[in-house]
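Start at 1 and go down the list; that is how both ligands and their atoms are numbered.
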Amino acid sequence: MSDCDVVVIGAGLAGLGAARALRAAGRRVVVLEAATEIGGRARTAYPEATGGLWFDLGAIWLHTAERNPLVAIAEAEGARLIRADDLRSRQLFIGGRRASAAEAAEWDAARRRFAAVAETLAAGASDLPLTEVAKRLPEYPWAVTAETWESAVVCAVDARLLSLRDWRRNVLSGSDLMIEGGIGAFVARRLGAGLDIRRHTPATRIDWNGKGGRVKVTTPVGAIKAEAVVVTVSTGVLAAGALAFDPALPDDVGAAIAGLPMGLAIKVVLRATAPDRLDLPDHCSLVRRVERSGAPAMAFQCWPYGRDYVQGWVGGSAAWGLAAEGDKAVEAFALDQLRALFGGRVDRLFAGGARLVTRWDADPWVRGAYSYARPGSADARAALARPLGDGRLLFAGEACHDGMTGTLAGAWLSGERAAAEILAVLA
Ligand SMILES: Cc1cc2nc3c(=O)[nH]c(=O)nc-3n(C[C@H](O)[C@H](O)[C@H](O)COP(=O)(O)OP(=O)(O)OC[C@H]3O[C@@H](n4cnc5c(N)ncnc54)[C@H](O)[C@@H]3O)c2cc1C
């Protein structure tokens, strides 16, 4: 492989963001991607479970659209954006019954109170687990549901394992947009265009000891030398030791990786085989009151675009446990959760229908959904993003962004930031 100015490892959003910025500045960039496709955790499929309709296996929303750089890029590329907030409606359940209007108002009040208490605690002297918030709200029957939503559902980790301070820094606000046709398809089609991307080429080792002021990246098909390298693989891949570093990474960087493990979120799609729609409108979200911290709970979106499937989402230790048991266990859990709300109709409705279970834990190049910070590790993201080797080794990726971690936008911005740091050094 011929040498270049900068090697970027990984063609997910962070790698593509970095590579595009470096190329725009006139640098020769080679992107090494272990998988056969680019996009990383942005990947679109067309499964039988959705009747062949596009389905994003990983990311789907452009969160916080008002300050999401990908919105302008998508618009400039002519993508059609769907305003998810205009489509969604919500149905709340307590046990097997629908919540009343008064109970729904209690849910809204609990969420507001949860946010206010979290704000106060996050500003305190020590970094607590997120579970501390609901403990202070015993008078709010929906407080544990708010906790579950903010931890297992949004952050893909149980509240007891999640740094309150990190959670607070990365709360998403504003509107959510979707790209028609799928974000994965958009990324694959548009964002890699014009870049030198070597697919199916995993980096196995990085020599960054600065001999001759250059770095060397080894792959199974040869080595490549460059002025600098940007590493965008997930903290799951880093923790697994799949990528060797010579010299070894400094202790504080190792500690940062250990402090930012991967959470897991599983999507499951169940396709209906009967006309019953469970008396639910299209695009409707189901939220069931959670009575105990850490209790496994699946959130559902039903009949998107008027189609004949429902999509479940489970995160945290429940997801890891189900993943260990296999896809059938995930499907059975989804059906159980629906049965608790709609009874035996569910079995008739989904009998024999196509199904899909997403398994990011089983992807060796990702190993989970996205990173979370353990209590006490809220500053690990900044530690991981710190340039090493006189600015020739940089980490980027969703785990390195403080503000929009665990998102496409956070990954993209971290890639652009790494590119800017390298350009400053090379200049
Ligand atoms: C189920 C799920 C739902 C999500 N929903 C949303 C959402 O709605 N909105 C949102 O904004 N975000 C969402 N996210 C998060 C979002 O997908 C990620 O934050 C983002 O895609 C991460 O990008 P990245 O570039 O940091 O990492 P990745 O996408 O993981 O990219 C890293 C790349 O490195 C490659 N790689 C790994 N090891 C090597 C190696 N040794 N050599 C070469 N290449 C290697 C990988 O194959 C991968 O392509 C979701 C994620 C999941 C899993």
Side-chain angles (χ1 to χ4, degrees), residues 7-19 30-43 55-65 68-71 84 153-156 170 172 176-179 182-184 187-188 191-192 197-206 217-220 229-238 240-245 260 262-268 311 313-315 319 357-361 363-372 384 395-401 404-416 418:
V7 176
V8 174
I9 301 180
L13 269 290
L16 295 171
V30 171
V31 184
L32 302 176
E33 171 51 58
T36 44
E37 299 301 327
I38 71 166
R41 284 168 263 176
R43 195 179 303 164
F55 181 79
D56 279 314
L57 300 169
I60 177 164
W61 312 111
L62 296 180
H63 292 298
T64 311
N68 188 322
L70 297 167
V71 171
V153 176
V154 174
C155 297
N170 290 286
L172 300 171
D176 293 332
L177 303 182
M178 285 185 288
I179 294 187
I183 182 80
V187 171
L191 298 189
I197 303 178
R198 317 284 169 91
R199 295 156 206 255
H200 210 54
T201 309
T204 53
R205 177 191 170 95
I206 299 173
V217 180
T218 305
T219 79
V229 56
V230 185
V231 181
T232 74
V233 308
S234 74
T235 53
V237 171
L238 290 172
L243 199 48
F245 291 87
L260 298 169
M262 298 291 274
L264 183 63
I266 297 179
K267 294 183 188 181
V268 52
Q311 180 195 314
W313 171 284
V314 60
V357 176
T358 64
R359 291 291 305 279
W360 290 96
D361 57 299
D363 183 328
W365 307 116
V366 179
R367 295 175 183 261
Y370 32 87
S371 64
Y372 65 91
L384 188 58
F395 287 93
E398 54 84 11
C400 296
H401 197 264
M404 294 182 84
T405 192
T407 69
L408 300 160
W412 182 267
L413 289 168
S414 77
E416 287 189 334

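No heavy atom of T358 sits closer than 4.0 Å to any atom of ligand 1. Heavy-atom separations between W412 and ligand 1 are all 4.0 Å or longer. For the pair S234 and ligand 1, no heavy-atom separation below 4.0 Å is found.
Under 4.0 Å from ligand 1, the heavy atoms of W360 that appear belong solely to its side chain. Heavy atoms of L408 found under 4.0 angstrom from ligand 1 belong to the backbone as well as the side chain. Residue-level proximity to ligand 1 for F395 is absent, since no heavy atom of it falls below 4.0 angstrom. Heavy atoms of W61 found under 4.0 angstrom from ligand 1 belong to the backbone as well as the side chain.
Considering each of R41, K267, E33, the one bringing a non-hydrogen atom nearest atom 29 (O) of ligand 1 is R41. The residue among G15, G12, G263, G58 with a heavy atom at the shortest distance from atom 3 (C) of ligand 1 is G58. Across A42, A11, A59, G184, heavy-atom proximity to atom 17 (O) of ligand 1 is greatest for A59. Residue nearest to atom 18 (C) of ligand 1, selected from I38, T407, N68, V237: T407 (by heavy-atom distance).
Near W313, meaning under 4.0 Å from any of its heavy atoms, are these atoms of ligand 1: 3 (C). Using a 4.0 Å cut-off to heavy atoms of G397, the atoms of ligand 1 that qualify are 26 (O). For ligand 1, the atoms lying closer than 4.0 Å to a non-hydrogen atom of V233 are 36 (N), 37 (C), 38 (N), 39 (C), 45 (C). Those atoms of ligand 1 that come under 4.0 Å of a heavy atom in G40, given as number and element, are 29 (O), 48 (C), 49 (O). Numbered from 1 in the order shown, with element, the atoms of ligand 1 that lie under 4.0 Å from a heavy atom of G406 read 12 (N), 13 (C), 14 (N), 15 (C), 19 (O). Taking every heavy atom of G10 and a limit of under 4.0 angstrom, the matching atoms of ligand 1 come to 33 (C), 34 (O), 35 (C), 44 (N). Atoms of ligand 1 found under 4.0 Å from any heavy atom of P202 (numbered from 1 in listed order, with element): 42 (N), 43 (C).
Atom OG1 of T36 is separated from atom CH2 of W365 by 11.5 Å, given to the nearest 0.5 angstrom. Atom CG of L243 is separated from atom OG1 of T218 by 10.0 Å, given to the nearest 0.5 angstrom. Taken to the nearest 0.5 Å, the CE atom of M404 stands 5.0 Å off from the CG atom of N68. Between the CD1 atom of I197 and the CD1 atom of I38 there is a distance of 4.5 Å, given to the nearest 0.5 Å. For the atom pair Y370 OH and L260 CG, the distance stands at 15.0 Å (nearest 0.5 Å).
Contact check for I60 versus Q311: no side-chain heavy atoms found under the 4.5 Å cut-off. A heavy-atom distance below 4.5 Å is found between the side chains of F245 and L238.
In terms of protein heavy-atom proximity, atom 32 (C) of ligand 1 is nearest to T232 O, 3.6 Å. When hydrogens are left out, the protein atom nearest atom 24 (P) of ligand 1 is A411 CB, 3.8 Å; that is the closest non-hydrogen contact. Atom 51 (C) of ligand 1 has its closest protein heavy atom at Y370 CD2, 3.5 Å.
Residue contacts with ligand 1: A203 is placed with a nitrogen or oxygen under 3.5 Å of a nitrogen or oxygen of the ligand (distance criterion only). Checked against a 3.5 angstrom limit, the closest N/O atoms of I60 and ligand 1 fall inside it. Backbone and side-chain nitrogen or oxygen atoms of A34 are examined, and one is located within less than 3.5 angstrom of a nitrogen or oxygen of ligand 1.
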